Each structure stands twice: as structure tokens, then as C-alpha cells.
Amino acid sequence: MPVTIDDIHAAAERLAGRISRTPFLRSETLSQITGAEVWVKLENLQFTASFKERGAANRLLHLTPEERQAGVIAMSAGNHAQAVAYHAKRLGIAATIVMPRFTPFVKVKRTRYHGATVILEGDSLAEAAAFAHDLAKRDGLVFVHPYDDDAVIAGQGTVVLEMLAEVPDLDALAIPVGGGGLAAGAAVAARALRPGLEVVGVEVETYPAAAQRLAGQPVKVGGPTVAEGIAVRDVGDRPMDILKQNGCDVVLVPEAVIERAIAMLIEVEKTVAEGAGAAGLAALLFHPERFRGKRVGLIVSGGNIDTRTLANVLMRGFARDGRLINLDIDVADQPGALAQVARIVAECGGNIIDVQHQRLFGAFSVKSAEVALLIEVEDEGHGDRITEALRGAGLPVRKAVVAEAAQPLSSVRP
């Protein structure tokens, strides 16, 4: 039987008191930036910092007494693992989580912290999944799928019940799509409660599985991405059927725009989002005409981002926005040359935060040296003035750039 609105309402009753009813807030600044009326559902404030708790808990609450006694197994490299481990522990169910060997240590540690037995197996998600299925059959464990399961889909759909209870006249939802469980649950809830509500799936350009399947194309995905939560090789069959039946569309966003959205959520909303969690905002930034003038609900689906990755995203955002500049300068290899460069930057009001002085590599002559400066500036114009002042002093200057997206953040800020 397909997932129905009754299944989602029943899931909401089961989950009452077991998960957080997260805030759903209007963002004045994001609304000005995007041209839409933006409402943000903060699922990153769940205990495990992800919406995955909804589906995992609902699936576990469906288990028979015999299945609870046998225990459960799941395969995941991230949020689903923590959600299953956490709620299994609360329900007194033994949980085994199979994670690929490349899983970051911090995610393995968090999953073990919730009481699960963690097995590192396989060099890919597919290999880990195959091992988990074999182990489930061998030991009689219940396999808890991260998205291709009706109870999981119904649990994920409860997030839209909460959103529409607070803002019933939403015009569109921008939903991150990986395996498709969240988007499918959202589509079922939206069609039943507000038939005119548009559900738009969002995928990163390197993992367009849902868009390709909706277009009848072979699925070809792969590559590095900060949005690892939606970097899925293919969409689940159950979610895909629901998306097709409900006429859902999927838009693609570039990697750089997701990075921008992560930085913007921190700067504007003071909330930490992982790459997948920022995908909805990325869709509004990259496809502004699609959402302009509409009342749009975004789901910050998770906040589990590696701190080093987050630091890199923020620094790259500063560089794209013109607040950090990286200059390579050729100077004479003689006393006072570096001091001259520093003086010019200081007189222009720049703050040097890193210096690299190289004589062997990059220097065009044995009598010269190359200086690389990372400089904090007020904005792009300020950086240009420093660059021109250095050139005016007769110094050859080359400016490094970060891979760009559709437009600089400064052009979309109010």
C-alpha cells in the first residue's frame, strides 16, 4: 500500500514526545536576499542534528515484540546511523550499524556514543549495504533502510505537518533530495493538506539521480561534494514512485552555491547547516525567478558538518565575497622589500593574516623572491585599492580567485 496522509498523521502521534518540534521561522533577511518570503524549518535542532530521527523512530516503533528482541541493523555513513542508534537505545533495542571504512572518525564516535555496535566494512556505501543485508539475513536482524521504506517516508512527512500547521498558506517547499525519503513524505503531506503547494526537490549537480530518472535518462552521478547527505547513487524506488505520482520537479544547484548557502545560514540565521541542509536555500539563490514572490518553506535538514570543512567553507565564502584576497607579489631579494609591501598594505587599511616568502619556487630570477599575502579587507573595492597601490609602487601583483558560482554574495545582499 502506498504511503497516505493517514500514515503520516499516525506517525506524528507515535513521535509525539520522542522528537523535537523544531522552530519554523520567517527570515526577513533571506526574504530580502532571494525575493521570496522565506520560512526556515530548523531540523538541525533535533537531538542528533537531523530530520532522520523522524523516519528512524517511526520505523522502530513499528517493530513487533519479536523483532525488537532480535534487534535491528542499518547501513549509513552519517545521519541515519545516529538516528537509528539513538532511538534504538531509547527503546531498548540492540542496534548494529554498518559504516564504510572511509567514514569520518567523528561520525563513528557519535554513533557508538548512542550505544550501537558499529562495524566498519566496505570501501563504498554499496559494499557496506551489501554486507549489512547479508548480516541481517544471517542473524535475523531487521534492516532499517534510510529512505526506501514506507514507515520511514511517513515519519519524514511529519515535518511538513508541523510546517503547514504554523504557516498553512505556503506556496512552495524546497526539499533536499538524496534517497528521496524526505521529499516523498513532504509530497504526500502537501498533496493531502494543500493540493496547490509545489514540492521542489533539490539536488547538487554532481548527484542528479532524481532529475535524471524523472527525465527518463540513465543515472550517472559521482564526484566530491560538501553535500554528502544527498550524494546518493540512486533514489529509492518507493520515493521515486511518490515523486512521479505527485508531479514533483527537481532542480539542480552547483557545489559553489551550496557553499554560499552554508555561509549565509551562519551569517544571517546564526544556524549551522551541513551541505544537504543548505540545499533548499541554494535553490532559491541559484533559481531566483522560480521562487520569486512566493511563500517558500525551507528545511535545514541537518547540521552535522565537519568543523574543518565548515571552516574551509567560511573562508572560501569570505574570499568569494571579496573580504579575503590572496596576492602573489614579485619583489627584489634585498633587505626592506617585504617591509615595503607590508607598509603599503597597512597604509591602505588591509590586515595581513598570512605571509609566505619563497625564493626557490615561483621566483622569476635568482635576484627576486615571491611573496604570497592573505589579506583581510572590507570588501571587493577595498581589495582592489590595495592591489592597485602595490602595482603603483612598481610591484608585479597576481590575484588568486576561488571557484565562483552564479553571482557574488555582495550582489544579492540587501
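Only a predicted model underlies this, so the values are computations on that prediction, with no experimental measurement involved.
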Asker: Picking from L338, I344, V341, what satisfies side chain to side chain contact (heavy atoms under 4.5 Å, CB included) with I329?
Answerer: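 Filter result, single survivor: V341.
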
Asker: Under the side-chain contact (heavy atoms from CB on, under 4.5 Å) test, which residues partner E228, sequence neighbours left out?
Answerer: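 Result, side-chain contact (heavy atoms from CB on, under 4.5 Å) vs E228: K107.
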
Asker: Would you indicate whether the side-chain heavy atoms of K244 and L214 approach each other to under 4.5 Å?
Answerer: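 SC-SC contact between L214 and K244 confirmed.
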
Asker: Distance alone, cut at 3.5 Å: any donor-acceptor contact between the side chains of T387 and D384?
Answerer: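 Not at all, the side chains of T387 and D384 share no donor-acceptor pair under 3.5 Å.
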
Asker: Are side-chain N/O atoms of S27 and E269 paired as donor and acceptor at under 3.5 Å?
Answerer: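 The criterion, which ignores hydrogens and geometry beyond distance, is satisfied for E269 and S27.
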
Asker: Would the distance check show the side chain of E259 and the main-chain N or O of V313 forming a donor-acceptor pair, the cut-off being under 3.5 Å?
Answerer: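 It does not hold such a pair.
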
Asker: Hey, does the side chain of D328 reach the backbone of E370 with a donor-acceptor pair shorter than 3.5 angstrom?
Answerer: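 No: the side chain of D328 does not pair with the backbone of E370.
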
Asker: Ion pair present between R194 and D169, side-chain N to carboxylate O less than 4.0 angstrom?
Answerer: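 Salt bridge: no.
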
Asker: Hey, are the side chains of L161 and I5 touching, using non-hydrogen atoms and a 4.5 Å cut-off?
Answerer: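 Touching, per the 4.5 Å side-chain cut-off.
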
Asker: For Q46, does its backbone N or O pair with a side-chain atom of E53 as donor and acceptor, under 3.5 Å?
Answerer: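 The answer is no, because no donor-acceptor pair under 3.5 Å joins these two groups.
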
Asker: Does the pair Q82 and H114 meet the rule for a side chain to side chain contact (heavy atoms under 4.5 Å, CB included), with working shown?
Answerer: CA-CA 7 Å; Q82 294 179 62; H114 294 308; 4.2 Å; yes

Asker: Please answer whether the main-chain N or O of D148 pairs with a side-chain N or O of R238 as donor and acceptor at a distance below 3.5 Å.
Answerer: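 Yes, because the side chain of R238 sits within donor-acceptor range (under 3.5 Å) of the backbone of D148.
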
Asker: Between R385 and E388, is the closest basic N to carboxylate O distance under 4.0 Å?
Answerer: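 Between R385 and E388 there is no salt bridge, as every charged N stays at least 4.0 Å from the carboxylate O atoms.
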
Asker: Could you check V300, N304, T309 and say which one makes a side chain to side chain contact (heavy atoms under 4.5 Å, CB included) with E274?
Answerer: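 Option passing the side chain to side chain contact (heavy atoms under 4.5 Å, CB included) with E274: N304.
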
Asker: Any chance you could measure E28, atom CD, to E37, atom CD, to the nearest 0.5 Å?
Answerer: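 E28 CD to E37 CD: 9.0 Å, rounded to 0.5 Å.
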
Asker: Just how far is it from atom SG of C248 to atom CD1 of I175, taken to the nearest 0.5 Å?
Answerer: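 Between C248 SG and I175 CD1, I get 9.5 Å after rounding to 0.5 Å.
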
Asker: Run M75 and M99 through side chain to side chain contact (heavy atoms under 4.5 Å, CB included) and show every step you take.
Answerer: CA-CA 6 Å; M75 186 287 300; M99 310 182 87; over 6 Å; no

Asker: Is the closest basic N to carboxylate O distance between R323 and E267 below 4.0 Å?
Answerer: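 E267 and R323: salt-bridged.
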
Asker: Tell me whether the rings of H133 and F143 are parallel (<30°), tilted (30 to 60°) or perpendicular (>60°).
Answerer: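 Geometry flag for F143 against H133: parallel rings.
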
Asker: Can a donor-acceptor pair be found, under 3.5 Å and without considering hydrogens, that links the side chain of N44 to the backbone of A273?
Answerer: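 Side chain of N44 to backbone of A273: no pair is present.
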
Asker: Can you pull the ring pair (Phe, Tyr, Trp, His ring centres under 6.0 Å) pairs that have at least one residue in residues 294-316, sequence neighbours excluded?
Answerer: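 Listed once each, the pairs would be none.
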
Asker: Which value, rounded to the nearest 0.5 Å, describes the distance between L182 atom CG and F51 atom CZ?
Answerer: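 Here the rounded value is 4.5 Å.
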
Asker: Under a 3.5 Å distance rule, please check whether E203 uses its side chain to pair with a backbone N or O of A209 as donor and acceptor.
Answerer: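 Present.
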
Asker: Which of these passes side chain to side chain contact (heavy atoms under 4.5 Å, CB included) with L281: I258, V40, L265?
Answerer: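 It is L265; the other options fail the test.
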
